[in-house]
Structure formats: C-alpha cells, structure tokens
Asker: 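First the structure, then my questions, so here it is.
Every chain is numbered from 1 and lettered A, B, ... according to where its sequence line falls, protein lines coming before strand lines. What you see is a predicted model; the values in this text were computed from it and never measured.
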Amino acid sequence: MIDLPNPVVVAAGCGGTGRELAALGALEGIGAFTTRSLTLNPRAGGPAPRIAETPSGLVHSTGLPGPGLEIFLATELPWLVQQGLRVVVSLSGASVAEHAEVARRLAQAPGIRALEVDLAVPDARAHGLLDVREPFHAANVVAAVVREAQDLPVLAKVRSDVLRVAESARVVTDAGASAVVVGGPQAAALPDGRPAGLSGPAVLPLALRCVGEVRAALPGVPVIGCGGISTAADARAFLDAGAVAVQVGTALLHDPTTAARIAADLAGGPS
Amino acid sequence: MKAPLHTTGEVLSSKRVGAYQHLTVVAPGVAERFRPGTFVAVSVDGTRLARRALWIHGVRAVGGHGPALQLVVEPVGPGTRWLAERPVGARLELTGPLGRAFALPKEPVATLLVGEGYAAAPLFPLAERLRERGCQVNLLLAAPDERHLLSALEARRSARAVTVVTADGSVGRRGSVADVVAGVLAQAAAEVVYAAGPVPTLHAVAAVAEQAGAWSQTAVEQPLTCGTGLCHGCPLPVVGEDGVARVVRACTEGPVVRGDRVRWAELAGTRPGAGGPA
Ligand SMILES: Cc1cc2nc3c(=O)[nH]c(=O)nc-3n(C[C@H](O)[C@H](O)[C@H](O)COP(=O)(O)OP(=O)(O)OC[C@H]3O[C@@H](n4cnc5c(N)ncnc54)[C@H](O)[C@@H]3O)c2cc1C
Ligand SMILES: Cc1cc2nc3c(=O)[nH]c(=O)nc-3n(C[C@H](O)[C@H](O)[C@H](O)COP(=O)(O)O)c2cc1C
Ligand code: FES
C-alpha cells in the first residue's frame, strides 16, 4: 500500500479538483487526496436535482461529471502533484475494457501514488456505468486494472453491503488489490425515486460494521474505512476497528476544513 | 481573486424590513475579500448538512468590529427560517466570499442593473463600484409586491434612474421585468446589463440584452449543496468561450455568468439530462 504521513484521506468525489480545498488551506496535513472517479471520456453528469438533504445524510446522484482522462492529465493532475499531495486517482467506466484503458494511461502519468477503483457506484446503471453487483464482477474489474497499473498499488472500493462485503474484499484482493476501501455510499433513492447513494453520518454505523466484517474475515488485508466520518472521534472509531486509514467525504461539503482538522487532531492528540 | 475563508461569524444585528430579515454579520477577513456578485455559504441548524447560499448585500464598518457583512434573508424553508431567527450574538459558521463576481466594464459606459426580490442584494454594492468608475447606473427593481421590494429608498441614492415594477402594482408599475426591460434598456442606452433574480427573469433579460447588442452578466441561483465547488451538485448548462456546450458548477464557475452563455431552456428543467460534456 502507499505509505501515508497521516491516516486522513479526502474521499473520491467530495474534494472537487483539489484547488477549492487548497484555496481554503483545507488540504494541510492530510494523508492523501482522492480525485473524483474519472472516466475515459468527458461526462456532463446527470440531471438536476442531483443532491438532496436528509436527516444526517445526503442523497446524491451526480452521474460522475468529469473532464475525461485527457483533460485531467493535462490540467488537474500536474497541479495536484505539484502541491506535494499524495494523489490517489479514482476511476470508473462503462466496461471492464474502459477501466483497463484508463488504468493503462494513468500508469504512465507521473506523480500518482495509487489507483482506486470505484466498484460501489450505487446508481451505475442510471448513468451508463458498469454495474458491479456481484463480487466476481468486482474481481474482474480489479484484475484488469491491476494488469495495467504496473507498479501502482490498486485500491478497491467495494460495496458496503454488510452481508457480502467480506466476500467482495476477499475476491478483489485475490485479484490483486493492495487494499480495500470499505463503507462507500449506501444504495438509496432521491425524493423523486431516481437511484442514488446515501452518505454522511447516517451511514457511519453501517460502514463501521463493514470494516469489522472485513477485518474479522481477512485480518491480513489493509482496510481504509469510509462513511460518515466528521470528527476525530469518528475517525478513531474506524482506526480502532482496524482500519489503516480513513476517508472523509460528505463532511467536507458541510465544512470544507473537516479533513484537515481531523488530520491535525490525530497528529497531535492521543489516540 | 482572493481566496475565500471558512470562519465563524457573529450576528451583530438582525432586523425585519418588509418580507426580509436583514442580518449584519461580523466575519473577519470575509468582508475584506468581498466583490459584488459573490456569496457566502452558511451552515444552518446543526444537523443539516447542505449549506445555504446568501448574496453579500454589502459591507459596513461597525464600530469596534471592523467591516461586517450585510445579508438579506427571505425565510422560505427550514434553513432560511432558522437564519432569520438567529438572535444578536449568535454564531454562524460560514465560508466566503465564494463564486465569480460581476465583471466591471473597462470604460465608463451606461449600465442597467436588473434585480428581483432579495436577489437584487448584490446589485447595490455593484452600483457603487460602477459609479466609482464613472459608469452611469440605471436600476430596474422588481418584486411580487412592496414587502418583497429590496431597499427601494437606498436605490434612489445609488442610481441615476430607478424603475420599479411589482406584480400586484402595490408600488411602481404593475408588471414584470420581462414586460418592461426592453423599454428601460433602450431609454438608458445601456451597453452593459447586470441581472440577478429567478431564472425566467434572467432569461428574459439576457434575451433582450442580446437583441439590443448589449453585453449581459447574470447572477444565476441554482440549488447548492456545498457552495464551495466540491460536490458537483449544482449543474449549470452553458456554452463555453470555445462554442462547446458544457455543464459547469453554478457555485464555482458561476454564479455570475455571461447571459449569452447560459443554455436557459435546459436550466428551466424542460429537458432534464440534456447537455454536452462537463
Ligand atoms: C448564489 C445564491 C445566492 C443566494 N442568495 C440568497 C439571499 O441573499 N437571500 C435569500 O434569502 N436567499 C438566497 N438564496 C437562496 C437560498 O440559498 C435558498 O432559499 C435556501 O438555500 C433555501 O433553504 P431552506 O432550508 O430555507 O429551504 P429549502 O427549500 O427547504 O431548502 C432545501 C434544500 O434546497 C437548497 N435550495 C433550495 N432552494 C434553493 C435556492 N433557490 N438556491 C440555492 N439552494 C436552494 C437548500 O440549500 C437546501 O439544500 C441564494 C441562492 C444562491 C444559489
Ligand atoms: C456528492 C458525492 C459525490 C461522490 N462521488 C464519488 C465518486 O466520484 N467516486 C467514488 O468512489 N465515490 C464517490 N462518492 C462517495 C464518497 O467517496 C464516500 O465513499 C461516501 O460518500 C461515504 O463517505 P462519507 O459519508 O464520508 O461521504 C461521492 C459522495 C458524494 C456525497
Ligand atoms: S454546490 Fe457543491 S459544487 Fe456547487
């Protein structure tokens, strides 16, 4: 895995391009920055409204808006690398072949520390993305990405389905993933019924349970915990459950300084 | 552009004027960075995760505190009602100033500023900056009724000519922006038009400006979640400088955008999902 100066990582799709957080001084001291999930071609994203507020959560279906690989490599990655950030590039796609192609091109770009494969898109079909329902689908994608990634570690972000998360973690690590990201969005729906993901404090207990399941079944696999973390105490709960690192997502949308603050707390305070 | 700040502000005063609650909030650093057309994202009510966007209406020096932000809140839902009820001394977590400001003309040209409801808020400080540059300022203020008309008295001080329209005719002319904007624009011989208000109003103003050969800048409100450019939850369909259709973030590439660059029909939600690459 990558070695992190601090266990607090910005979660995919919740840190913009990085520039927005940097302008607020909100990347200081963080362990790594994860990009929004990139696809080969530019994507406009889904229709509005994309996000709705629920008690202690956000329901979201953004449809992975993004610049596509070429523009990302030309305009976003060099800046991120220049900041001295540890950059994890998240990727997604419509097919196994697209995932592989994106991984192949990213493996040639300088400065990336790891790839993260988003296998937990809760609204994949609605947005024409590969719908990774079964653990073996996830393993196929990971195997294809690992083949192209050369020396780059590959993190697999698996569905946070309590009953199957350990199985998913096992097959993706068998397929070559260096670590698993556990506790992404829960499958949900927007108020108008469109498929979406639920994130934020509402999902924290589920994510924590998922981390526990994976740790129990696969004690040797590094786990990055994610889901609803908004305080240093939340982060410690995941670390105490055996996670090597944590990702902060939704909390940044409410307070962009959250990750930097938790990172500082963990660096300074007793654990 | 100066970087925004994330900070805790304090309510210095809160008073009701017509339908709106006017808040003065001291937020060190934010006021100093303000340019007309920028906004603040405010956290509301503890457990609510999405932030609420408010235009910066102005900056006022308050004795012993330095410059403070003036905000105008129309209580329409839980977040804005909560804000309107904050007592003096209450703390507000806010981030700002955010977004792209109004671009100012290089030459001292005649301008028309069109504002509807609370959204007229950023036009008052804009009028000041324009006058400083020798631009002639004409103002068209609109509202459903008198209670929702923002600071009409103040408007008369900051503009050469002020036209008021209300839907119910309770003050000024009866009608809408769309009814009168072409006439007001012609009379003012404005070369630059600035507009802030609901989408249909902005669309009407942009169309009239384009017909008249004037340059328009519209301050577009879209539902925001973070307001800081992180979530991509605020799609704004535009046509880029290069003529290519794109979807940008309303909070970051906006809220102020050229009126002739917005794909208004898609914004109104008539064709959900339509649009080119991001
Ligand atoms: C750039 C910008 C500047 C604004 N300036 C002002 C201002 O100066 N004064 C003022 O009274 N209002 C302003 N608004 C609108 C204000 O932000 C919304 O009315 C407010 O967010 C509604 O929150 P609520 O909880 O009261 O209502 P609800 O309707 O219950 O809000 C629910 C959700 O929808 C979002 N939302 C709903 N309507 C809007 C909207 N029109 N714009 C953005 N988000 C919305 C809220 O953030 C929240 O997530 C502005 C909006 C934008 C985008
Ligand atoms: C608006 C939004 C956009 C997201 N986009 C992505 C994405 O592009 N790729 C991804 O792997 N996860 C994405 N996620 C999921 C987050 O990375 C995270 O796994 C999930 O939200 C749970 O953590 P949280 O509760 O801290 O947000 C997104 C989440 C939100 C709220
Ligand atoms: S509201 Fe989050 S990116 Fe614009």
Side-chain angles (χ1 to χ4, degrees), chain A residues 10-11 13-26 36 39 41-68 71 126-127 192 194 199-202 228 230 249-261, chain B residues 1-8 33 41-52 77-79 93-96 98-99 222-238 244-252 263 266-278:
Chain A
V10 172
C14 298
T17 64
R19 284 181 162 92
E20 302 80 8
L21 288 173
L24 289 158
R36 57 202 188 289
T39 51
N41 295 313
R43 290 175 59 88
R50 289 177 174 177
I51 302 183
E53 194 182 51
T54 63
S56 295
L58 290 178
V59 186
H60 51 95
S61 179
T62 60
L64 297 191
I71 292 177
H127 296 296
D192 63 10
R194 282 178 290 146
S199 298
S230 54
T250 301
L252 293 167
L253 311 184
H254 177 74
D255 173 352
T257 64
T258 309
R261 251 187 314 102
Chain B
M1 200 172 82
K2 281 195 197 148
L5 289 181
H6 181 84
T7 184
T8 303
R33 291 167 158 81
V42 187
S43 302
V44 295
D45 202 5
T47 59
R48 290 183 184 273
L49 296 178
R51 306 194 87 199
R52 295 333 192 240
E93 211 183 304
L94 55 87
T95 312
L98 293 165
Q222 286 295 288
L224 304 182
T225 301
C226 68
T228 47
L230 303 178
C231 73
H232 291 264
C234 55
L236 178 63
V238 298
V244 177
R246 284 196 180 76
V247 178
V248 298
R249 295 166 295 183
C251 67
T252 304
R263 291 183 278 147
E266 282 156 48
L267 196 54
T270 46
R271 285 199 291 141

Asker: A:R19 versus chain B, heavy atoms under 4.5 Å apart: side chain, backbone, both or neither?
Answerer: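 Interface part for A:R19: neither.
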Asker: Could you tell me which non-hydrogen atom of A:L24 sits nearest to which non-hydrogen atom of B:P4, and how far apart they are?
Answerer: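 Answer, listing the atom of A:L24 first, then B:P4: CD2-O, 3.5 Å.
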Asker: Roughly how far, to the nearest 0.5 Å, is the CD atom of A:E53 from the CG atom of B:D45?
Answerer: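 Output value for this atom pair is 9.0 Å.
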Asker: Report which part of B:E93 has an atom under 4.5 Å of a heavy atom belonging to chain A: side chain, backbone, both, or neither.
Answerer: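 When you check distances to chain A, only side chain atoms of B:E93 fall under 4.5 Å.
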Asker: Considering all heavy atoms of both residues, which atom of B:G233 and which atom of A:I51 are nearest to each other, and what is their separation?
Answerer: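 Shortest heavy-atom separation between B:G233 and A:I51 comes out as CA-CD1, 3.7 Å.
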Asker: In Å, rounded to the nearest 0.5 Å, how long is the span from SG of B:C226 to CG of A:D255?
Answerer: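 Those atoms lie 12.0 Å apart.
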Asker: Please name the pair of heavy atoms, one in B:P235 and one in A:A48, separated by the smallest distance, quoted to 0.1 Å.
Answerer: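 Where B:P235 meets A:A48 most closely, the heavy atoms are CG-CB, 3.8 Å.
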Asker: Under the side chain to side chain donor-acceptor pair (under 3.5 Å) test, which residues partner B:T95, sequence neighbours left out?
Answerer: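 Scan of B:T95 (side chain to side chain donor-acceptor pair (under 3.5 Å), adjacent residues dropped) gives B:H6, B:R51.
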Asker: Measuring heavy-atom distances to chain B, does A:T250 have an atom under 4.5 Å in its side chain, in its backbone, in both, or in neither?
Answerer: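 Contact with chain B is through the side chain of A:T250 alone.
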Asker: Based on non-hydrogen pairs under 4.5 Å, which of A:A52, A:A22, A:C14 is most in contact with chain B?
Answerer: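 Among the listed options, the one with the most contacts to chain B is A:C14.
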Asker: Test your reading of the model: is there a side-chain donor-acceptor pair from A:R50 to the backbone of B:C234, 3.5 Å cut-off?
Answerer: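 Between the backbone of B:C234 and the side chain of A:R50 there is no qualifying donor-acceptor contact (under 3.5 Å).
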Asker: Which bit of B:L49 is near chain A, if near means a heavy-atom gap under 4.5 Å: side chain, backbone, both or neither?
Answerer: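 Backbone plus side chain of B:L49, per the 4.5 Å heavy-atom cut-off to chain A.
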Asker: Would you confirm whether A:E20, through its side chain, and B:L230, through its main-chain N or O, come within 3.5 Å as a donor-acceptor pair?
Answerer: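 No; judged by distance alone, with no hydrogens or angles, the pair does not exist.
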Asker: Find the distance between OG1 (B:T47) and NE2 (A:H254) and round it off to the nearest 0.5 Å.
Answerer: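 Nearest 0.5 Å value for the OG1-NE2 distance: 9.0 Å.
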